[in-house]
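Values reported hereafter were calculated over all heavy atoms of this structure, with side chains retained and with hydrogens, waters and symmetry mates removed. Throughout, a chain's letter reflects where its sequence line sits, starting with A, and its residues are numbered from 1.
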Amino acid sequence: MTNERTKRLALVASKGTLDQAYPPLILATTAAAMGWEAGIFFTFYGLNLLHRERRRHLQVSPIGNPAMPPPLHALPMLKVPNFLGTLPGMTAMATTMMKGWMSKAKMPSVEEMLDMCVEADVRLFACATTMGVMGIRQEELIPQAQCAGATTFLDYAAGADVSLFV
Amino acid sequence: MIAAIASTLDCRGLLCPLPIIRLSKAVKTVDVGAVIEMLATDPGSVPDMEAFEHQTGHKILERSEAKGTFRFLVQRTK
């Protein structure tokens, strides 16, 4: 052990898509597993991750994402034109595809990752401004979400050893 | 001489962050000084285990690899 003081991780989760939901949750649960304190400030669409209903329906869109769909190993030259992502049903298809990869790799769902955060005592800050702007009430969020402003998060992050914006 | 293995944690087929999360839970279930055998297939677990040792102070007594399975002996130190 190089340092006896408990380390702290402070993250901002600003994205509400299925793919972008994972990185902050993976980092926070890992930090907690190493004995660190961890806190996540969920802001703008990131707040969907704390929303009782919306967190179950996160999606990923191929529009504007040239990395999606990934090339097939068998046909690496085959490129799907990005505009096809605008066709009805493509977001649902991309979402199903990504959930398929995740479960095949035995990765937990976003809900399960959040449950792991709760179990590991990760602080879950719900951005007060986002709640106001989007009209989201405290009762719509999971009970562990703590409504807080930027001041609260910065006060927490000021004592952090690692801070990242996702 | 390595102490007897108190428990085995099979993390084969699991990806980050699950192996480290499961290991951190497993460590709490054994006595200080006890050794856990941990099996993993994710190549990322090799540097991750070093980092876990560095951050938590629990000691990796042994590491080996056979047929794509990584095996670690981890001793709870505190």
Side-chain angles (χ1 to χ4, degrees), chain A residues 1-11 13 18-40 49 70 98-124 160-164 166, chain B residues 3 6-61 63 67-78:
Chain A
M1 194 71 179
T2 49
N3 192 345
E4 282 303 324
R5 188 181 62 82
T6 302
K7 289 187 181 163
R8 180 182 286 184
L9 172 70
L11 299 174
L18 181 63
D19 54 330
Q20 293 293 300
Y22 278 93
L25 302 179
I26 289 173
L27 290 169
T29 50
T30 302
M34 295 193 299
W36 296 18
E37 290 176 5
I40 313 175
L49 275 60
M98 175 158 279
K99 284 186 174 169
W101 302 332
M102 289 295 182
S103 72
K104 198 174 162 199
K106 297 183 186 165
M107 283 296 283
S109 67
V110 168
E111 276 181 275
E112 288 166 338
M113 289 294 307
L114 256 165
D115 290 344
M116 287 158 64
C117 284
V118 167
E119 195 189 325
D121 289 326
V122 173
R123 297 273 302 266
L124 305 172
D161 299 275
V162 178
S163 316
L164 296 167
V166 183
Chain B
S7 69
T8 293
L9 181 67
D10 188 355
C11 292
R12 287 176 292 180
L14 300 181
L15 297 174
C16 163
L18 296 177
I20 291 296
I21 290 172
R22 296 205 178 164
L23 176 62
S24 74
K25 284 184 182 165
V27 164
K28 289 177 191 146
T29 65
V30 299
D31 296 330
V32 172
V35 174
I36 294 173
E37 176 187 46
M38 200 262 219
L39 303 174
T41 47
D42 176 12
S45 65
V46 177
D48 280 2
M49 289 294 283
E50 302 269 341
F52 181 81
E53 179 182 45
H54 183 239
Q55 288 298 325
T56 63
H58 299 306
K59 212 164 159 37
I60 301 173
L61 302 175
R63 65 207 80 200
K67 294 179 198 154
T69 294
F70 304 98
R71 178 175 177 267
F72 305 90
L73 294 184
V74 185
Q75 184 172 41
R76 177 172 181 176
T77 54
K78 59 185 165 50

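- B:Leu23 is not listed as a side-chain neighbour of A:Met34, based on a closest heavy-atom distance of 4.5 Å or more.
- Of the two parts of B:Lys25, only the side chain, counted from C-beta on, holds a non-hydrogen atom closer than 4.5 Å to a non-hydrogen atom of chain A.
- Chain A forms more heavy-atom pairs under 4.5 Å with one residue of B:Leu14, B:Ile20, B:Ile21 than with any other, namely B:Ile21.
- Within the 4.5 Å cutoff, the side chain of B:Leu15 has no heavy atoms near those of the A:Lys106 side chain.
- Contacts of A:Glu112 with chain B are absent, with no heavy-atom separation under 4.5 Å from either backbone or side chain.
- The heavy-atom pair separating A:Ala33 from B:Ser24 by the smallest distance is O-CB, 3.0 Å.
- With contacts defined as side-chain heavy-atom distances shorter than 4.5 Å, the pair A:Met107/B:Cys16 does not qualify.
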